[in-house]
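Everything on this sheet refers to the single structure shown next.
Treat the numbers as computed from the prediction; the structure is a model and nothing was measured.
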Amino acid sequence: METLANVLVGLVAALHLYILVLEMFLWEKKPGRGLHGFDPDMARATAPLAANQGLYNGFLAAGLIWGLIAADPTGFRAQVFFLSCVVIAGVYGTVTANRRILFAQALPGAVALAAVLIAR
């Protein structure tokens, strides 16, 4: 079960690195604009906000990676903390921005968190 939990944590970290790239570097290009259906003008206007969001997603990924490589109990605690942050951010994003965030962010984070807690 520990291996499955580690794989799930790694996948959530990879997801957040992908979001970082989309929001920080590809926001004004087709992949980034397609995420929200923005035209080039709207993407340009919102690029600084997206880059800020991307940076936060990078911090989540960094924390999850730290949790994977740190020895316990620090690694376990970091995983629980950062996965909890992912779930909370996903639920907040679902309520305030887009329902898809529940399935794209909160659900994978919750599944990984459950796996980490069960593996303990």
Using side-chain heavy atoms (C-beta onward) and a distance below 4.5 Å, is Ser84 in contact with Leu113?
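In short, these two side chains touch, coming nearer than 4.5 Å.
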Answer whether the closest heavy-atom distance between the side chains of Arg120 and Val116 falls below 4.5 Å.
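The answer is no, as the side chains (C-beta and beyond) never meet within the 4.5 Å cut-off.
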Sidechain-backbone polar pair: Arg99 side chain, Thr94 backbone, donor-acceptor under 3.5 Å
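Side chain of Arg99 to backbone of Thr94, a donor-acceptor pair under 3.5 Å: no, none is there.
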Quick check: does any side chain N or O of Asn57 sit under 3.5 Å from a backbone N or O of Gln53, one acting as donor and the other as acceptor?
yes
Can you list everything that forms a side chain to side chain contact (heavy atoms under 4.5 Å, CB included) with Leu4? Sequence neighbours excluded, please.
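With sequence neighbours excluded, Leu4 shows a side chain to side chain contact (heavy atoms under 4.5 Å, CB included) to Met1, Leu8, given in chain and number order.
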Partner residues of Val87 under the side chain to side chain contact (heavy atoms under 4.5 Å, CB included) criterion, sequence neighbours left out
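Per chain and number, Val87 pairs via side chain to side chain contact (heavy atoms under 4.5 Å, CB included) with Val91, Ala110.
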Would you say Leu22 and Leu55 are hydrophobically clustered, going by side-chain heavy atoms of ILVMFWY under 4.5 Å?
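The answer is yes; both residues are in one hydrophobic cluster.
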Side chain to side chain donor-acceptor pair (under 3.5 Å) contacts touching residues 68-83 (sequence neighbours left out)
none
Got a sec, which pairs hit salt bridge (Lys or Arg N to Asp or Glu O under 4.0 Å) with one end in residues 41-56, sequence neighbours left out?
Asp41-Arg44
Steps toward side chain to side chain contact (heavy atoms under 4.5 Å, CB included) verdict (Leu107, Leu102):
CA-CA 6 Å; Leu107 184 60; Leu102 180 66; 5.6 Å; no
Would you give the length of the straight line joining atom [atom1] of [X] to atom [atom2] of [Y], rounded to the nearest 0.5 angstrom?
| X | Y | atom1 | atom2 | value |
| --- | --- | --- | --- | --- |
| Ile19 | Leu26 | CD1 | CG | 13.0 Å |
| Asp39 | Arg33 | CG | CZ | 8.0 Å |
| Leu60 | Leu15 | CG | CG | 10.0 Å |

I need the full list of ring pair (Phe, Tyr, Trp, His ring centres under 6.0 Å) pairs touching residues 4-51, with sequence neighbours left out, sorted by first then second residue.
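Checked against ring pair (Phe, Tyr, Trp, His ring centres under 6.0 Å) - neighbours excluded - the pairs reaching residues 4-51 are Trp27-His36, Trp27-Phe38, His36-Phe38.
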Inter- and intrachain pairs under ring pair (Phe, Tyr, Trp, His ring centres under 6.0 Å), touching residues 45-97, at least two apart
none
Would you name the heavy atoms of Ala78 and Gly67 that are closest together and state the gap between them?
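For Ala78 and Gly67, the tightest heavy-atom pair comes out as CB-CA, 3.7 Å.
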Identify the two heavy atoms, one from Leu83 and one from Gly109, that lie closest to each other, and give their separation to 0.1 Å.
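Smallest interatomic distance, heavy atoms only, reads CD2-O, 4.0 Å.
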